[in-house]
Amino acid sequence: MANDASTVFDLVILGGGSGGYAAALRGAQLGLDVALIEKNKLGGTCLHNGCIPTKALLHAGEIADQAREAEQFGVKATFEGIDIAAVHKYKDDVISGLYKGLQGLVASRKVTYIEGEGKLSSATSVDVNGQRVQGRHVLLATGSVPKSLPGLEIDGNRIISSDHALTLDRVPQSAIILGGGVIGVEFASAWKSFGTDVTVVEGLKHLVPAEDENSSKLLERAFRKRGIKFNLGTFFQKAEYTQNGVKVTLADGKEFEAEVLLVAIGRGPVSQGLGYEEQGVAMDRGYVLVDEYMRTNVPTISAVGDLVPTLQLAHVGFAEGILVAERLAGLKTVPIDYDGVPRVTYCHPEVASVGISEAKAKEIYGADKVVALKYNLAGNGKSKILKTAGEIKLVQVKDGAVVGVHMVGDRMGEQVGEAQLIYNWEALPAEVAQLIHAHPTQNEALGEAHLALAGKPLHSHD
C-alpha cells in the first residue's frame with residue numbers, strides 16, 4: 001500500500017467517537033497535523049447510539065408523564081398515547097443537528113477526515129481504503145459495542161440490544177431488561193413512561209450497583225412507586241422464544257415472560273481484528289492497557305475511551321482525548337482523577353454522583369473517620385414545586401474534605417457540576433456553607449446539605 005501523498009501526520013486517530021474527535025479537535029487547535037479515520041459516522045456511540053438518543057427518548061417519556069399528571073398542577077390535559085414515529089423523528093432531528101455541527105467543527109480545524117474501516121498496520125501507521133496513513137503517533141479510539149452472554153443470541157427482533165431499542169418501530173407492551181445498570185434503568189424508565197410493562201433483572205443485589213447503596217435503595221423505592229418491577233440478586237440462566245415473545249429463566253428457576261428482552265449488561269471494547277495484538281499492543285479481555293497518561297506499552301501508540309478499562313462515559317472520552325493531544329503537543333498534562341468525574345443516570349428520578357461511596361470511604365479511611373449526612377429534598381422548595389422526592393447524601397472524612405456527593409431526584413444531573421467542584425477542590429463543609437445559593441432552586445439543596453454538615457442546618461432538623 002502506498003502512503004497517501006507521502007504525508008506523515010503528527011497524529012493518526014483510529015475512531016471518530018468522543019475520545020477520537022476530541023483528540024483531533026484539540027490536536028489541530030495546538031498546531032498538530034491530524035488525520036481522523038472513522039468507518040461509520042463522526043460522533044460515535046454517544047451521538048448516534050448512546051447518550052444523545054437515549055436522553056431524547058427519556059425526555060419524550062418525561063413529557064408523556066407530565067401530560068398524564070398535569071391535573072395535579074391544576075392544568076387540564078389529556079394523554080392520547082405515543083406516536084413512536086414522531087418520537088424517533090424528534091430524536092433523529094436532535095442527532096442530525098449535532099452531527100452537522102460536529103462535521104463543521106472538524107472541517108474548520110483542518111483535520112484530515114478519512115471515512116473507511118482502518119486497521120493498525122505498524123506502530124506508526126493505519127491502513128484504510130487501500131492506502132497507508134502514516135503518523136508520528138497513533139491514537140486508538142475504536143470504542144465499544146453492546147455485550148451479550150454466552151448462549152444468549154441477540155437477534156434484533158425479540159432479543160435486542162440498546163442499539164435496536166433506539167430504533168424500535170413500536171412501543172412494546174411488555175419488556176424484560178437484563179441488567180440494572182445505567183443502560184438498563186434508563187430504558188426501563190423511558191419505556192415505562194411510554195406505557196410498557198417493565199421488569200428489570202439484575203444479578204447483583206441492587207439496581208445501579210456501581211452507585212452508593214443509599215442511591216440504589218432510593219431508586220428502587222421510586223421504581224416500585226412507578227410500577228417498574230425488578231428482580232435482584234439472582235443471575236440469568238437462559239432465554240427462549242414463546243409463541244408471542246420471550247421467556248427468561250433465572251438461576252433459581254424463576255421465570256419471566258414478555259414481548260421483548262433487552263440485553264443491557266454493558267458494553268465491550270471494539271478491538272478484534274484491528275491489528276492491535278499483531279503490533280504488540282498489550283491487551284486484557286479485549287481492552288487496550290494504558291498508563292495514567294493514556295500511553296500503551298508501544299511508545300508511538302496511545303488509546304482512549306471505551307477501548308480502555310476506564311469509566312465508559314463520553315465526557316471521560318473527551319478528557320482522555322484532550323490529554324493525549326496536549327501531551328503530544330508538549331503541554332504539561334495531569335492524569336485524570338476518575339473518582340472526580342461526575343456520573344449521571346438519566347432515569348426518572350435521576351441518580352447523580354461524584355467522588356466515592358460511603359462504603360469505599362470507610363474502606364480507605366476507616367469506619368470511625370467517615371461522616372455521612374443525608375439531606376431530604378422534602379425540605380427544598382423547588383423540589384416541592386416539581387413534586388420530586390429524593391436525597392442528597394454527603395460523605396466526609398471526619399474534620400476534613402467532602403469526598404463523595406450522591407444525589408437522587410429529578411434534575412439532579414444538573415446539580416452535579418457544583419458537586420464536582422466541591423470534590424475536586426477538596427472543599428470543607430464550612431467553606432461550601434459560606435456560599436450563598438439562589439432560592440428557590442434545587443441547587444440550594446446542595447448548599448443546605450453542606451450547611452447541615454457544617455453544623456448549622458437551616459431548612460432541616462438538627
Side-chain angles (χ1 to χ4, degrees), residues 4 7 9-30 32-53 92 94-121 124-135 137-146 163 166 267-276 281 287-288 290 294 296 301-308 310 312-326 328:
D4 184 20
T7 301
F9 293 93
D10 294 314
L11 176 60
V12 175
I13 303 168
L14 182 54
S18 302
Y21 83 67
L25 291 173
R26 183 63 177 135
Q29 192 177 49
L30 292 169
L32 300 180
D33 194 7
V34 180
L36 178 61
I37 300 164
E38 170 56 51
K39 68 174 181 178
N40 291 319
K41 286 184 174 180
L42 186 63
T45 295
C46 173
L47 179 53
H48 301 286
N49 303 99
C51 323
I52 300 301
D92 293 343
V94 172
I95 294 168
S96 177
L98 291 169
Y99 179 46
K100 285 174 184 167
L102 183 56
Q103 288 174 305
L105 257 180
V106 167
S108 73
R109 298 272 174 95
K110 305 290 191 291
V111 171
T112 300
Y113 183 67
I114 304 166
E115 199 171 311
E117 190 163 353
K119 181 176 179 178
L120 187 67
S121 51
T124 55
S125 67
V126 174
D127 289 351
V128 58
N129 300 337
Q131 295 178 321
R132 179 154 291 171
V133 183
Q134 297 275 6
H137 200 90
V138 175
L139 175 61
L140 308 177
T142 43
S144 63
V145 288
D163 287 354
L166 287 169
R267 299 179 65 86
V270 174
S271 57
Q272 281 288 101
L274 295 177
Y276 299 170
V281 176
Y287 290 101
V288 171
V290 292
M294 316 316 295
T296 72
I301 300 175
S302 297
V304 297
D306 288 359
L307 181 62
V308 302
T310 56
Q312 289 188 328
L313 299 168
H315 45 289
V316 167
F318 295 150
E320 290 173 346
I322 290 167
L323 188 155
V324 170
E326 293 184 346
L328 295 177

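- By the neighbour-count criterion of 12 heavy atoms within 6.0 Å, atom CD of Q103 is densely surrounded, having more than that number from other residues, nucleotides or ligands.
- Between the CE atom in M294 and the CG atom in L140 there is a gap of 11.0 Å [rounded to 0.5 Å].
- Here the side chains of I114 and Q131 are not in contact, with every heavy-atom distance at 4.5 Å or above.
- The minimum heavy-atom distance between L36 and A24, with the atom names listed, is CD2-CB, 4.1 Å.
- The two atoms that bring S125 and Q134 nearest to each other are CB-OE1, 3.6 Å, heavy atoms only.
- V304 places none of its side-chain heavy atoms less than 4.5 Å from the side chain of V308.
- Here the closest non-hydrogen pair linking E115 and N129 is O-ND2, 2.8 Å.
- Between atom CG of residue L102 and atom NZ of residue K41 there is a gap of 12.0 Å, rounded to the nearest 0.5 Å.
- Taking 4.5 Å as the limit, some side-chain heavy atom of L47 sits within range of a side-chain heavy atom of I95.
- The shortest non-hydrogen separation linking D306 to S144 is OD2-OG, 2.7 Å.
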Practice task
Show the numbers, then the answer: is there a side chain to side chain contact (heavy atoms under 4.5 Å, CB included) between V290 and S302?
Solution key: CA-CA 7 Å; V290 292; S302 297; over 6 Å; no

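- Checked by atom type, the side-chain pair T142/Y276 shows a donor-acceptor distance below 3.5 Å.
- Nearest heavy-atom pair, F9 versus V34, reported as atom, atom and distance to 0.1 Å: CD2-C, 3.8 Å.
- Of the possible polar contacts, one joining the T296 side chain to the I301 backbone as a donor-acceptor pair under 3.5 Å is found.
- With rounding to the nearest 0.5 angstrom, the CG atom of L11 is 11.0 Å from the CG atom of L30.
- In this structure, CG in L32 is found 12.5 Å from CZ in R109, a value given to the nearest 0.5 Å.
- To the nearest 0.5 Å, atoms CG (L98) and CG (L42) are separated by 11.5 Å.
- A heavy-atom distance below 4.5 Å is found between the side chains of L120 and V281.
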Practice task
Applying side chain to side chain contact (heavy atoms under 4.5 Å, CB included), run through E38 and Y21 and close with a yes or a no.
Solution key: CA-CA 10 Å; E38 170 56 51; Y21 83 67; over 6 Å; no

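- Counting all heavy atoms, side chain and backbone alike, S18 lies closest to C46 at OG-CB, 3.6 Å.
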Practice task
Take I13 and V111 through the test side chain to side chain contact (heavy atoms under 4.5 Å, CB included) and record every step on the way to the result.
Solution key: CA-CA 11 Å; I13 303 168; V111 171; over 6 Å; no

Handout entry: Chi angles and distances behind the side chain to side chain contact (heavy atoms under 4.5 Å, CB included) call for E320, T310
Key = CA-CA 10 Å; E320 290 173 346; T310 56; 2.8 Å; yes

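- For D10, the salt bridge (Lys or Arg N to Asp or Glu O under 4.0 Å) partners are R136, not counting sequence neighbours.
- Here the straight-line distance linking atom OG1 of T112 with atom CG of D33 works out to 6.0 Å at 0.5 Å rounding.
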